[in-house]
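This is a predicted model, so every value here is computed, not measured. Below, all heavy atoms of this structure are taken into account, side chains as well, without hydrogens, waters or symmetry copies.
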Amino acid sequence: MFLKYKIMKKVKTIISFFCVTAILISCAPRGEQKDAAEETQEEVKMETPALNLLSQAEIDEGWVLLFDGTTTTGWRGYGNETFPEKGWVVENGILHVLGTGKGEAGGGGDIITEKMYGNFELSLEWKVSEGGNSGIFYLAQEKPDQPIWKSAPEMQILDNDKHPDAKLGVDGNRAAGALYDLIPGDYEAVNPAGKWNHVKVMVYKGTVVHWVNGKNVLEYHLWTDDWKNMVLNSKFKDYEDFLNTAEVGYIGLQDHGDDVWFRNIKIREL
């Protein structure tokens with residue numbers, strides 16, 4: 001009975017939304033009615049995407065899901081054989097790292113893929129809480145008593161408006177989309193806290209590219225003199241595994257103690 005009530009309530013809400021929209025559109029001049037209707041359809045489409053599915057075209061291109069929307073199959077805790085028992089949950093087709101308010105202390109810890117990748121294109125969507133912080137690691141190595149960030153380049157996830165990191169570092173190289181603490185991304189390309197961002201990372205024979213919401217925000221080249229000089233002038237200068245980044249490694253998602261949501265995580269090997 002309760003389930004029936006919830007379904008009816010949701011149906012009534014959807015009907016009310018479209019009724020109000022129709023009334024507003026009908027009051028507009030005829031030329032504007034078409035634009036308003038198309039805009040409304042686009043908004044509905046963006047708010048209700050197909051979650052954790054691959055199109056036939058994507059399958060033909062070699063894409064595979066890293067998250068099926070219902071389980072944590074294919075992932076485990078960094079430094080562990082199993083997935084964390086706390087700190088991460090799957091809910092409504094979304095992988096959610098739970099905030100603790102304690103930064104990197106507490107929570108379930110970082111997670112990594114069970115498989116290692118070399119040349120690949122990674123695509124996912126993330127949403128961060130107000131003041132939140134997280135990251136996407138790639139080419140990560142797993143070594144005892146060594147945190148993941150000492151070996152893996154990181155695409156930053158951040159609330160650029162509220163988190164102090166956005167204004168620290170140099171020229172925004174700690175803001176969302178950046179190669180953390182090394183290369184800035186594009187501040188304006190990032191949607192604010194509470195909104196979804198679609199990002200991609202491509203790694204191919206040392207060339208690395210970050211995209212944020214369809215925009216190429218940075219490119220760099222591993223193992224070159226430019227790479228080594230950049231790292232030697234950064235906080236990572238003392239970490240051999242970072243300086244000489246591995247050719248094959250794990251994909252990782254960071255637990256930084258803040259609420260962050262992930263969906264539509266997929267990858268194709270190049």
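The residue from H198, R268, K266 that alone fulfils the side-chain hydrogen bond (donor to acceptor under 3.5 Å, both in side chains) condition with S123 is H198. Among D68, L253, N52, the single residue meeting the side chain to side chain contact (heavy atoms under 4.5 Å, CB included) criterion with I265 is L253.
With hydrogens and angles disregarded, no donor-acceptor distance shorter than 3.5 Å links the side chain of D258 to the backbone of G132. Judged purely by atom type and a 3.5 angstrom limit, Y187 uses its side chain to pair as donor or acceptor with the backbone of N160. In this structure a side-chain-to-backbone donor-acceptor pair under 3.5 Å is present from E58 to S55. For N173 (side chain) and D171 (main-chain N/O), no donor-acceptor pair under 3.5 Å exists by modelled atom type. Q254 contributes no side-chain N or O that, together with a main-chain N or O of W149, makes up a donor-acceptor pair within less than 3.5 Å. Although no hydrogens or angles enter the test, the distance criterion places no donor-acceptor pair under 3.5 Å between the side chain of W227 and the main chain of G206. Between the side chain of N191 and the main chain of N197, no donor-acceptor pair closer than 3.5 Å is present. The closest donor-acceptor contact from the side chain of T113 to the backbone of I251 lies under 3.5 Å.
Classified by interplanar angle (parallel below 30°, tilted 30° to 60°, perpendicular above 60°), the ring pair F236/F242 is parallel.
Looking at K215 and D186, a side-chain N of the basic residue comes within less than 4.0 Å of a carboxylate O on the acidic one, giving a salt bridge. Note on E269 versus K115: salt bridge recorded, some NZ/NE/NH1/NH2 to OD/OE distance being below 4.0 Å. Salt bridge status for K235 with D181: absent, with no side-chain N to carboxylate O gap under 4.0 Å. The pair E142-R76 counts as a salt bridge, with a side-chain nitrogen and a carboxylate oxygen less than 4.0 angstrom apart.
Within 6.0 Å of CD in E85 there are 12 or fewer heavy atoms belonging to other residues, nucleotides or ligands. In E247, the CD atom is not crowded: 12 or fewer heavy atoms of neighbouring residues, nucleotides or ligands sit closer than 6.0 Å. Applying the 6.0 Å contact sphere to NZ of K162 captures no more than 12 heavy atoms from other residues, nucleotides or ligands. The environment of E219 atom CD is dense: over 12 non-hydrogen atoms of other residues, nucleotides or ligands sit within 6.0 angstrom. For CG of D60, the number of neighbouring non-hydrogen atoms (other residues, nucleotides, ligands) closer than 6.0 Å is greater than 12.
Of all non-hydrogen atoms in L139 and Y117, the two that sit nearest each other are CD2-O, 3.6 Å.
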Would you check, one step at a time, whether the test side-chain contact (heavy atoms from CB on, under 4.5 Å) holds for W88 with F83? CA-CA 9 Å; W88 294 82; F83 195 83; 3.5 Å; yes

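Judged by the 6.0 Å and 45° rule, K205 forms no cation-pi pair with W223.
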